[in-house]
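Heads up, the thing below is written out as structure tokens.
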Amino acid sequence: MNLIDRYIACWNETDPEARAKAVAELWTEDGTYTDPLADVAGHAGIAAVIEGAQGMFPGLVFTPGDLYDAHHHIARFTWHLGPEGGEPVAVGFDVVELAEDGRIRKVLGFLDKVPTA
């Protein structure tokens, strides 16, 4: 499973213990996640942001988008959030910085499409 598949799987994991384990395997201990709605550091903070997103959008799933690009220790990719197999209600663009061990050190997220209330 590649980095993006593992990242998307983290965001879709609904079991708190399994999510905490997935976050710990994917992010460094001091890893950060920043987007327009969140700015957190550490495994617990990242897992809490994921849980919050799931609470805001129950029943929706994250899927990889069409764009992926990487060089050196940086990757960027798009993702979609929507009903399984349906039209996404949200689309984002994340930039990821990797540590020497291949785990995520930093995520900078951007929201390109957000649901209208």
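One hydrophobic cluster, built from ILVMFWY side chains closer than 4.5 Å, cannot hold both Val95 and Ile8; they sit in different ones.
The residue from Ile46, Thr32, Val107 that alone fulfils the side-chain contact (heavy atoms from CB on, under 4.5 Å) condition with Val40 is Ile46.
For His43 (side chain) and Trp27 (main-chain N/O), a donor-acceptor pair under 3.5 Å exists by modelled atom type. Remark: the backbone N or O of Leu108 is not paired with any side-chain donor or acceptor of Glu97 at under 3.5 angstrom.
Between Trp79 and Tyr68, a ring centre-to-centre spacing not shorter than 6.0 Å is recorded. Checked against the 6.0 Å centroid threshold, Tyr33 and Trp11 count as a close aromatic pair.
Between Val96 and Phe77, some side-chain heavy-atom pair lies under the 4.5 Å cut-off. Proximity of Pro88 to Leu81: side-chain heavy atoms (C-beta onward) are nowhere separated by under 4.5 Å. Ile104 is not listed as a side-chain neighbour of Thr28, based on a closest heavy-atom distance of 4.5 Å or more. Between Leu3 and Leu98, the closest side-chain pair of non-hydrogen atoms falls below 4.5 Å. With a 4.5 Å cut-off on side-chain heavy atoms, Asn2 and Asp5 count as touching. Looking at heavy atoms from C-beta onward, Leu111 lies in side-chain contact with Leu37 at the 4.5 angstrom threshold. Two residues are said to be in side-chain contact when any heavy atoms from C-beta on lie closer than 4.5 Å; Leu67 and Phe93 meet this criterion. In this structure, the side chains of Phe110 and Asp94 stay at 4.5 Å or more apart for every pair of heavy atoms.
Scanning both residues, Gly109 and Pro36, for their nearest heavy atoms gives O-CD, 3.5 Å.
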Could you list the donor-acceptor pairs under 3.5 angstrom formed by side chains in residues 57-64, with sequence neighbours left out?
none

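A salt bridge (Lys or Arg N to Asp or Glu O under 4.0 Å) check over residues 41-67, counting only residues at least two apart or in different chains, returns the pairs Arg19-Glu51. Counting only residues at least two apart or on different chains, the salt bridge (Lys or Arg N to Asp or Glu O under 4.0 Å) pairs with a member in residues 22-42 are Lys21-Glu25, Glu29-Arg103.
Taking CZ of Arg105 as the reference point, atom NE2 of His73 lies at 7.0 Å (rounded to 0.5 Å).
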